[in-house]
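Below, chain A is the first sequence line, B the second, and so on; all start at residue 1.
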Number of protein chains: 2
Amino acid sequence: MTPAQPTRDRLLDAAERLFAEHGFDGASMRTITADAGANLAAVNYHFGSKSALIHEVFGRRLAPMNVARLQLLDAVLEETAQRGEDRPTPRAVLRAFLAPALSLGRQEGREFFVLIARAHSSPHPELQAHIVNQFAEVAVRFGAALQLALPSAAREDLFWSMHFTVGALCHTVVNTQLLTLMSEGLCTDVDEDAVLERLVAFVAAGMEGGLDS
Amino acid sequence: MTPAQPTRDRLLDAAERLFAEHGFDGASMRTITADAGANLAAVNYHFGSKSALIHEVFGRRLAPMNVARLQLLDAVLEETAQRGEDRPTPRAVLRAFLAPALSLGRQEGREFFVLIARAHSSPHPELQAHIVNQFAEVAVRFGAALQLALPSAAREDLFWSMHFTVGALCHTVVNTQLLTLMSEGLCTDVDEDAVLERLVAFVAAGMEGGLDS
DNA sequence: GTCTATATGGGGATAGAC
DNA sequence: GTCTATCCCCATATAGAC
């Protein structure tokens, strides 16, 4: 009868799922603790407040995802050097950025990515601040790598391109069911590798082509 | 002392502003009616419920924006025909789709567009349904126009491209302050025409280039 | 660490006078 | 159409026994 996971982890899992389903305001401590098979007071005991719980839900996933991004980027740069080429392709860099996000959506934290997208447009300033902090290093490293991949591009252009890319990514991860609806079932996200390649192709072309004209 | 606008309109204005600032759950009927200089019971009298108020806030802006999109699209197609060309350029079609959205953000309803983006990832299914309904005709007309502009593209590819485009658009309208932050002031949205052209260039290139490879 | 019971506050909605 | 007063519910958080 003893649960396999400690209460703290069960609370995080339940919170993640219910926040994704009902929103941060829509999921109450009552439903979260009930879903986790814990007592109503458990959240306050383990985290201190609901706000702190939200914070932890994000921290638990964002850190590993960004580590994966940086590792993939290192691999891309290393492989480029081994081949004796002086710069990576934009596609390779962009894939390193996008793949961990999409693959997070396919594993354990499928619901979690909804939360990231929602946090981007959240009225709670603490959430936006949290994201900015977590992404700061990633933004710097990938900004530099893209500048290397596209030496003739202005820094300003690269920032804008990354901005559009993040937008397409978030919308893709969160709202593909809406696309499925509008395309009457033609477009689905069952083949996530195919989605990744579509997205990479789109933003890479946008980035290279958008700069010329 | 009599207010220039009827209570109903003042309620809609206040609701739009406060929803944008504090979210749909964060802005209460009490703060909305107070901000509008109306009585607490006014929302229920004029709209029936808070949910119906939200519905009206969206309807008031979405309808004109989508009308503008369709008019611009008609103008593009007409001009194409006058020139004796058999198909419009993807850029022209995409500009007709994107311009009304960005220009809405520059006029009266600057705060409103935050709400659209938030509705996309909202846990309230009624909001998503509302958007789908309002966009149905636009999606069909622009889908056909893009197919005309890019005859060799598969329908599936066009749907995905439009999906990425909407994502980039929403993120741009809502979160450019976040970009300004990350770029340390290099990128701003003060010149909205320039933003539009950047976005058009990006998604047009993504659409044309993403299909080939 | 976990539970019960409760404090405290705010929410949406409505009845009924004006 | 507008106002007051109020109903009723649910939220977060905590105190204190176990």
>> How many whole angstroms separate atom CZ of Phe47(A) from atom C1' of dG1(C)?
In response: 14 Å

> Are Phe164(B) and Phe164(A) near enough that their ring centres are under 6.0 Å apart?
Replying inline: no

>> What is the distance, to the nearest angstrom, from the CG atom on Leu11(A) to the C1' atom on dC3(C)?
In response: 14 Å

>> Once rounded to the nearest 0.5 Å, what's the spacing between atom CD of Glu79(B) and atom CG of Asp74(B)?
In response: 12.5 Å

> Reading nucleotides 4-18 of chain D 5' to 3', which nucleotides get B (base under 4.0 Å from a protein heavy atom), which S (sugar-phosphate only), which -?
Replying inline: B------BBBB----

> Have His171(B) and His171(A) got a donor and an acceptor in their side chains that come within less than 3.5 Å?
Replying inline: no

> Does atom CD of Glu126(A) have more than 12 heavy-atom neighbours from other groups under 6.0 Å away?
Replying inline: yes

> Hey, what do you get for CZ (Phe113(B)) to CG (Leu104(B)), rounding to the nearest 0.5 Å?
Replying inline: 6.5 Å

>> Between Phe112(B) and Phe19(B), is the ring centroid distance below 6.0 Å?
In response: no

> Considering the terminal five base pairs at each end of the helix from dG1(C)-dC18(D) to dC18(C)-dG1(D), what angle separates the two local helix axes, rounded to 10°?
Replying inline: 0°

Could you go through residues 39-46 of chain B and list every donor-acceptor pair under 3.5 Å that involves a side-chain atom there, pairing it with any protein atom two or more places apart or in another chain?
residue	atom	partner	partner atom	Å
Asn39(B)	OD1	Ala41(B)	N	2.8

>> Can you see if the side chain of Thr7(B) gets near the phosphate of dG1(D) - specifically, an N or O under 4.0 Å from OP1 or OP2?
In response: no

> With a cut-off of 6.0 Å (strictly less than), are more than 12 heavy atoms of other residues, nucleotides or ligands near NE2 of His55(B)?
Replying inline: no

